[in-house]
Colleague: 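This is the structure I have questions about; it appears just below.
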Amino acid sequence: MEPIKLSSMVVYNSTFGPKEGEEEKKILYYYPENESLYKKINNIGLCEALVQFTMTLSPGVPCEYMHTQKHDYIFYEAEEHYWMIMVLSKPVTVTSDGKKATKEDQISTSACRVVLKEVYQRFHLLHGLFSYIVHFSGVSALKDKLLEFFKEFLSSLHLSETSVLHVFRGLMYCNLDNFTLLKFQSCANTIQSKFDTIKHCIITLNGHMVTSSLLEDDSQVIVSLCTEKLSLGKLSASRKPKIRPNKPMYQLHHGKFLSSIFQSGSDRVFITLKSGMIEQMHMLIYQAFGTTSVFFLDHLPTALIDICKELDACVGPLLSSLTSEIQFCPRINAENYESNFRHIFFNQQSLSLESTYDLKHSRNCTSSVPTDVMHVICDINECFSDHACQEKEVIVKVQNESWVAAKKANKKMLFVVINSKNANLIAVNEDVRRMSTHFDSMHFSD
Amino acid sequence: MEDDATILSTGHVTSSESVDVPSDFENLASSNSQNSASNPANPDIQEEVFVSADDQYVSDSALSLPGPSSDDDISFRQRKLTMLMTEEDESELSSSWKEKKSHIFVLTEAGKPVYSRHGCEDKLSSLMGVMVAIVSCVHDRNDTIRSIVAGNRKFVFLIKLPLVLVAVSSALETIHQIEIHLHYVYNTIISVVSLSQLNRIYSTQKNYDLRRLLTGTDKFLDHLCNSMDQDPQYLLRAVKCLPLAGHMRDFVGQSLQQSKTDDLAFAVLVSSGQVVSICRLKEHNLDTTDLQVLLNLVNASATSFHAGESWLPICLAQFNPSGFLHAHISFLDEKLQTCLIFLSADRDAFFTLCECKKKVVAKLNKHKCLEAIHLAYSKADYTVSKVGIPELWHFLYKTNNISQFTCPEFSVPYHNEKQRQRLFGLYQEMHGKIHNPAAPLKLHYSVSDEETLLAWVASGFELYATFSPLVTKNQAISAVDRLLRWIKHREDELFMMRTLTF
């Protein structure tokens, strides 16, 4: 069976070609690029019609999905009038009587919509708002940027490997005791006060977040970018990153500075400040002693090597002494429990995410989530994410004999997946209750 | 049997002075005689079909099936769609209309309005034009539209050419559940016009206004739509039986058997909308969906059938979508609660069945069945307190093999309409999750501030139970045990375990 496939990716703005005969101007990006102009215009016309049609019956609530027999259309209005549409073709299976049938819901479309949003956020990080680009550099500049961006992005997109963890768009924090964490934070503060060009900084350890002075959304995008590009943390063996190993830009005494992680070679990013302003900054990536730090500079000094040397001399020893004395908190993971227990813990407020699942989903991997369990988790998450849902507890038995227990309280969610064929509700509840004591205010009822 | 039904493909009504014909029945009768008039055999009459100026667009965007469309066609339709969208802006649909929780539209592939649950179809013709244009644009891509989601609002399409059914719902139902609702609506329409007649008309007249055939059917559809929002029978796809002592139900069955005549397919006794007993031909089962369509028809028009005996052609989609059966409908009591229905393949059997009815009634009276039935419905449903489990607030129980369900009446805390609606919404939500085609579940247990809900699908039954929010899992499980034993003990009373055959 062929996996789910991206059949088209479109970015358009209807206000750019309102007149008949000018439809072409609406298209900002279209994948596949070699599609005929005629088809491009037609498909965008259909999307526009759908958006408008849903508006007439549900004003103020934009269109999110269209499901057809063969495709899933996912809609996202990234900025006002700027629509991003992702079209996925459902896998086709051939039934015993030779007929072709489409396999339903291989992947949760809500998970795919999260991917689409993430696409926009990555673009935004690299290039800023669509409307700014158009305002300052014109539509053709935006088209060029989109083309360049998607060329790189689509080559690394593996929808069928979308992990259940993707849905939460959370930050995996490093499990450190409070004292060590404070030391890392003070280290970050030291850097920011010593170097006035450095406005923000993020420190990660083994691919997990330690401290960040950015907003959660930006931190999440940057950490996930770094994790992907620098292959931090665990990556499943089946999919080694195809990208070239990053050549160090400067190999210094304690650590190394990396050249840009973007194919374009650019190191500029657009950061949203707490005030809501968007500022362009330069990104410097420094790796030492298992940590990866990202520094954000408001301007690039003329002698970059000097500031790098200074940073290395200042930060290197700090990190060296910090990492050597790290005391990991006892982590609640598969090792402490029988292997048929897995969990996901997510804090809606801090975006903190903790899980015994890998961020990379792979079908061959034993630790991966079965499709139906993933559906159930996505479903419950959707229900939990509703603001009306304050506190709720759900225990579910999936057909393949796994159980999923979920709890939401105080804007935190806990999901526990148990693989136990012969368990009953009472036994599962016992197990979950024992486990949930490790999480604050996550008490399952009797 | 089936052959007989196929032969009688056109609705035909036999009535005579001695029969009391209700007004709607006359409507049906006249619309059915129109059918035969619009039969393609009479080409001159066809030309009368009106095509008003504003309908022109819509008919242009008709689906052309089968075969792929040429590029010109596609771009033409696409332009139409764009034009329609601009028009749509100008049409003012009232906000109270938009805010209705659930809309159901039926239109033809040419975009002609057939039915709208809320509002007048005529005012919605441009909206329906857009719908059909979207359907055809997706069709041009060799694909079929299923649904659109915008926030909590779902747009679900069911394409049953020459008809297109669209539901717009902001309730908790899943897309799959809404599709099933649309199937019910479709089957109800088919019950009036039959599939073969529908296809025959539209094979020659793409622009035919189906409302001419459906005069008087709106109230069946309205009744169906309202019931689907609150009656578990459509959610569970099962019927509810009137609770009646087992031996009494057997007497009723035996009485129905008395009606055996040639071409009689089914005899059904219904009381206050609940099935009492069914007698059928050995080789034919009365499908649950067909039975539900029939019951809806009887319940929606109880007042118009009132005293006397009515004779009505009806097409049961599962039984035979291309032919009509003929229903002999009569009420056996003053209060119009108990209704006897015969379904025959013979269009001229009316008087034979009148005789049958007398026989059945005589037998029913002999065993005092009608008194028992009267007593059963006058004491209404049982309450959950009868089960004797204090923490159990409400439940739905469906037996899978016979597609019947039982539930107590709503009691505290579900005593007011708002709470009842809320609980029904929760049942819909749980049913949707349990039967999610992507990930079907076996058990769903959820605890919220207001109640604890358990949904459980086992091999022979489905159970949805509502408990107090403070119930422990141990208590809930033992309560379910007791409930199942309670139901098993009363199986004969709550369900129709045996159907007799002629």
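As the structure is a prediction and not an experimental result, all values here were calculated from the model. FYI, side chains are in, hydrogens and waters are out, and symmetry mates aren't considered; it's all heavy atoms of this structure. Each chain gets a letter, A, B and so on, in the order the sequences are listed, and its residues count up from 1.
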Colleague: Could I get the full list of salt bridge (Lys or Arg N to Asp or Glu O under 4.0 Å) partners for B/Asp481, not counting sequence neighbours?
Modeller: none
Colleague: List the residues meeting salt bridge (Lys or Arg N to Asp or Glu O under 4.0 Å) with B/Arg153, not counting sequence neighbours, and say none if there are none.
Modeller: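 Listed in chain order: nothing, the list is empty.
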Colleague: Atom CD of residue position A/Glu24 - does it have more than 12 heavy atoms of other residues, nucleotides or ligands inside 6.0 Å?
Modeller: no
Colleague: With a strict 4.5 Å heavy-atom criterion, list every residue of residues 441-463 of chain B that contacts chain A, or say none.
Modeller: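 Residues B/Leu441, B/Lys442, B/Leu443, B/His444, B/Tyr445, B/Ser446, B/Val447, B/Ser448, B/Asp449 are the ones that qualify, each having a heavy atom under 4.5 Å from chain A.
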Colleague: Let me know if B/Leu470 has heavy atoms under 4.5 Å from chain A in its side chain, its backbone, both or neither.
Modeller: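 Contact with chain A is absent: no heavy atom of B/Leu470 under 4.5 Å.
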Colleague: How far does CG of A/Leu88 sit from NZ of A/Lys90, to the nearest 0.5 angstrom?
Modeller: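 Atom-to-atom, A/Leu88:CG and A/Lys90:NZ are 10.0 Å apart.
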Colleague: Nearest 0.5 Å please: distance from the SG atom of A/Cys378 over to the CZ atom of A/Arg113.
Modeller: 14.0 Å
Colleague: Determine all donor-acceptor pairs shorter than 3.5 Å in which one atom belongs to a side chain in residues 423-430 of chain B; sequence neighbours excluded.
Modeller:
residue  : atom : partner  : partner atom : Å
B/Tyr427 : OH   : B/His394 : ND1          : 2.9
B/Tyr427 : OH   : B/Thr466 : OG1          : 2.9
B/Glu429 : OE2  : B/Lys433 : NZ           : 3.4

Colleague: Please rank B/Asn474, B/Thr472, B/Thr144, B/Val168 by heavy-atom pairs under 4.5 Å with chain A and give me the top one.
Modeller: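 Among B/Asn474, B/Thr472, B/Thr144, B/Val168, the one with the most close pairs to chain A is B/Thr144.
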Colleague: So what's closer than 4.5 Å to chain B heavy atoms on A/Ile395: side chain, backbone, both or neither?
Modeller: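 For A/Ile395, backbone and side chain are both near chain B.
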Colleague: Tell me, for A/Asp386 versus chain B, whether the close heavy atoms (under 4.5 Å) come from the side chain, the backbone, both or neither.
Modeller: neither
Colleague: So which of A/Gln399, A/Lys392, A/Met66 has the biggest tally of heavy-atom pairs under 4.5 Å with chain B?
Modeller: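 With the most close heavy-atom pairs to chain B, the winner is A/Gln399.
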Colleague: Side chain, backbone, both or neither: which part of A/Tyr73 has a heavy atom under 4.5 Å from chain B?
Modeller: side chain
Colleague: Would you say the side chains of B/Arg141 and A/Asn42 form a donor-acceptor pair under 3.5 Å?
Modeller: no
Colleague: Using non-hydrogen atoms only, which part of B/Ile477 is less than 4.5 Å away from chain A: side chain, backbone, both, or neither?
Modeller: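 The side chain, not the backbone.
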Colleague: Which residue in the set B/Arg117, B/Met131, B/His118 passes side chain to side chain contact (heavy atoms under 4.5 Å, CB included) when paired with B/Phe105?
Modeller: B/Met131
Colleague: Quick check for you: to the nearest 0.5 Å, what is the distance between A/Glu80 atom CD and A/Asn13 atom CG?
Modeller: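 So the gap between those two atoms works out to 9.5 Å.
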Colleague: Do B/Thr174 side-chain atoms and B/Gln177 backbone N/O form a donor-acceptor pair below 3.5 Å?
Modeller: yes
Colleague: With chain A as the partner, which of B/Asn152, B/Val138, B/Val471 has the greatest number of non-hydrogen pairs under 4.5 Å?
Modeller: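 Highest number of heavy-atom pairs under 4.5 Å: B/Val138.
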Colleague: Just give me the residue among A/Val376, A/Asn424, A/Val398 that pairs up with chain B most often, heavy atom to heavy atom, under 4.5 Å.
Modeller: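 Winner by heavy-atom pair count: A/Val398.
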